[in-house]
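The structure appears below as structure tokens.
Whatever order the structure lists them in is the order used to number ligands and atoms, beginning at 1.
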Amino acid sequence: MMIGLACIAAAAAGAAAQARPAPAAPLDEQQVRARADALLAQMTPDEKAAQIVTQFNMGIPGQEKAIDESVAKGIGSFLFVTDPKETNRLQRITVERSRLHIPLLFGFDVIHGWSTIFPVPIGQAASWDPAMIERNQAIAAAEARSAGIHWAFAPMVDIARDPRWGRIVEGAGEDPYLGSAVAAAQVRGFQGPRIGAPGHIIAGPKHFAGYGAALGGRDYDEVNLSDSELWNVYLPPFKAAVDAGAGNIMAAYMGLNGIPAAGNRWLLTDVLRKQWGFQGWVVSDANGVQSLQTHGFATDQADAAARAIGAGLDMEMAFAGPAFAKLPAAVAAGKVDQAQVDAAVRKVLEAKIRMGLFENPYVDEAGAAQLQRNPAHLEAARIAAERSAVLLRNEGALLPLDRAKLRSVAVIGGLADSPRDSNGPWVFKPTQPVLQSILQGIRTKLGNRTEVKYAPGVIIPKRVNASMIDSMNADLRRPEPKDDDSGIAEAVAAARSADVAVVVVGEPQGMIGEMASRSTFDLPGRQQDLLDAVVATGKPVVVLLLNGRPLDLKGTKAQAILDLWYPGSSGGDAAANLLFGDAVPGGKLPFTWVRNAAQVPLIYAHLTSHDAGHADTRYSNESNAPVYPFGYGLSYSTFAFSNLRLDRPQVAPGGAVTVSVDLRNTGARTADEVAQLYIHQRSGTAARPVRELEGFQRVTLKPGEVRTLTFKLGPQELRYWNAAVRDWVQDETTFDVAVGADSTVPFAGSFDVRRQ
Ligand code: NOJ
């Protein structure tokens, strides 16, 4: 299952190249700037304001003429146009009819695929495989680019430590080290070697910054973060994305410590541009400038526009009536500095120039269809789904199932036969996503030799999600069914008459994502009753989970639990390969799997605080330990770590230590292990977490194979933001080191940081 990645990437790149016009030669910085300035000098105040708005008003009946007119006047960009015919048509209007012929920029939520849907981002993060994530986003970029898209509203790099928050599914979980690696990989995948690389699109990491810390996990709620949490936890993935060359950043909706992000000069200018040297443009979230007034921050829409542009926000994303339309008057009235508007316009023009849009504004419509149905892309999606899966339980080595011995399999649960749910959120009908259900994959794998009995059991509520996702998927809207357990008896009968039951449960895709926070992790509807009834038959039960957050399975006694996340377009094939041993799970949890919503927040990298010898009694009524720790995941093989060693016992501040460890595959199958390196700073000028991830490697080993893995710990890994001195510091102290299979591995070595 590990072979073929290079071929897939090459096939994707090849197909992408055929589908596009020849790229322009890359320009150097000065040439880009000179061209942007030459255009800027010709622009009227209204043209400038229009250039820094990205609008959503497509598909509104009766608006077509108004849209075409605004395009002819020189509007700058659109979101949510997905048909290559339409991107070309609009592009033609602006290129041929607008006064300055400045091409349009098309942006879209390319989150985990376009037509080929990859596992949801939290699932891809569970692969702990940044190189694979990079390849996946390169494929998503190629497909999107073929439709005329130039810019992804992605990656979402928000750290999420509260799984009530629905958008945990869109990020890399709770850890800043893993989150940074995944963020940088996604930026590289989307953008390729440079902005404007053929078949690639601009990445827009979001939501700057702190959105994942929404109070109570409630979407869009306020965020209050300490200086230490902000710098040590929430900002690092953004910094990694900027360092990877991200061309755009999206400002968050909410306020950070009381200052709305879209008007937060400290965040957008002092940190992002001055400290980090960000060169691209900052866009608001949808209607985020207008809502500065709703926040009780701006007095009116003109003030909102002035405060946003003054803070360093370059482009407004707006669904109608943008606040930035008021900029010309505000400049004329002396309320906004012309230079600020010009700087914003220049950055947007520079992006268009770098993307080569002035030379190649159109896409090849026939090529787009071909590229978006590329079998190599589906193969990459299958590998991604296999590598993302996390085996949470496997009692009695129930998995993998032996096909040769099975006469019949009962597949149970409505989610098993719901390809739209398998694809997860942030999947849009107009991009013609490829669909495959879990049931389909199992049936295809088993053919006629093994009987597959399918019983949905209970009807799962399809929550109507009010976010943008559903506004593009109107067909998903339907009334919620009444609780119904009438199918449980049929499911139980199917399980009784089969050799094994595969029960697919989880949250339908509308229950996770934007505007999909939940105050419980219980299985929606009557799925728990269904699962319990099937387990009570005494038949072997494998649970397959579709989820983007931890779920409370009420201590189910099912023998095996395999987390598939929302596995995407090839999710059925991947599930079947994993079930029957043609692929071996090797993913690891990117978050702490809490017992229930009342335990939130619970993270592995917590501070010791006051202990009093009762580390596990912080609740009086139950353990404060999670169900599964961060980094956890089993395999069909077994592994042993040994012989952890350091190349020196002491280093000076600024120096580096090399950590080595031997990893052996002690089982009988070729399989993957994710070696995770954790450190603990024993003392210092601030208290530091009990452990922190500072390195990882996913490796494939044959049975009996031993590999020595090495990790480097230098200043980047050993420093932290000290809230008292408001700077990065490296303390002179002792560090404990551990390398192992999850975040519970005991420390096995230490070294000192001291001036010699
Ligand atoms: C709002 C979401 O917060 C953001 O992530 C998304 O990119 C925009 N809507 C556009 O869909």
Selection residues 172-186 - residue pairs positive for side chain to side chain donor-acceptor pair (under 3.5 Å), sequence neighbours left out
Q137-Q186, E174-T592, D175-Y604
Determine, considering heavy atoms only, which of I111, D109, T54 sits nearest to atom 10 (C) of ligand 1.
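Result: the heavy atom closest to atom 10 (C) of ligand 1 is in D109.
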Give the numbers and elements of all ligand 1 atoms closer than 4.0 Å to a heavy atom of [X].
{"X": "F153", "value": "7 (O)"}
{"X": "E514", "value": "1 (C), 2 (C), 3 (O)"}
{"X": "K206", "value": "4 (C), 5 (O), 6 (C), 7 (O)"}

Do E365 and N88 touch side chain to side chain, with heavy atoms closer than 4.5 Å?
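They are in contact (side-chain heavy atoms under 4.5 Å apart), so the answer is yes.
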Heavy-atom check, side chain of I52 versus side chain of E316, under 4.5 Å:
no
Passing candidate, side-chain contact (heavy atoms from CB on, under 4.5 Å) with M315, options V53, V283, V345
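Result for side-chain contact (heavy atoms from CB on, under 4.5 Å) with M315: V283.
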Between the side chains of Q436 and S422, does any donor sit under 3.5 Å from an acceptor?
no
Test your reading of the structure: does [X] have an N or O sitting under 3.5 Å from an N or O of ligand 1?
{"X": "D285", "result": "yes"}
{"X": "H207", "result": "yes"}
{"X": "R167", "result": "yes"}

Looking only at heavy atoms of M250, does any of them come nearer than 4.0 Å to an atom of ligand 1?
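Within the 4.0 Å threshold, so yes.
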Taking a cutoff of less than 4.0 Å between a non-hydrogen atom of the residue and any ligand atom, is E170 in contact with ligand 1?
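No heavy atom of E170 comes that close to ligand 1.
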Within the side chain of D162, is there an N or O that forms a donor-acceptor pair under 3.5 Å with the backbone of V600?
no
Mind checking what makes ring pair (Phe, Tyr, Trp, His ring centres under 6.0 Å) contact with W165, not counting sequence neighbours?
Y211
Give the contacting part of M156 toward ligand 1: side chain, backbone, both or neither, where contact means a heavy-atom distance below 4.0 Å.
neither
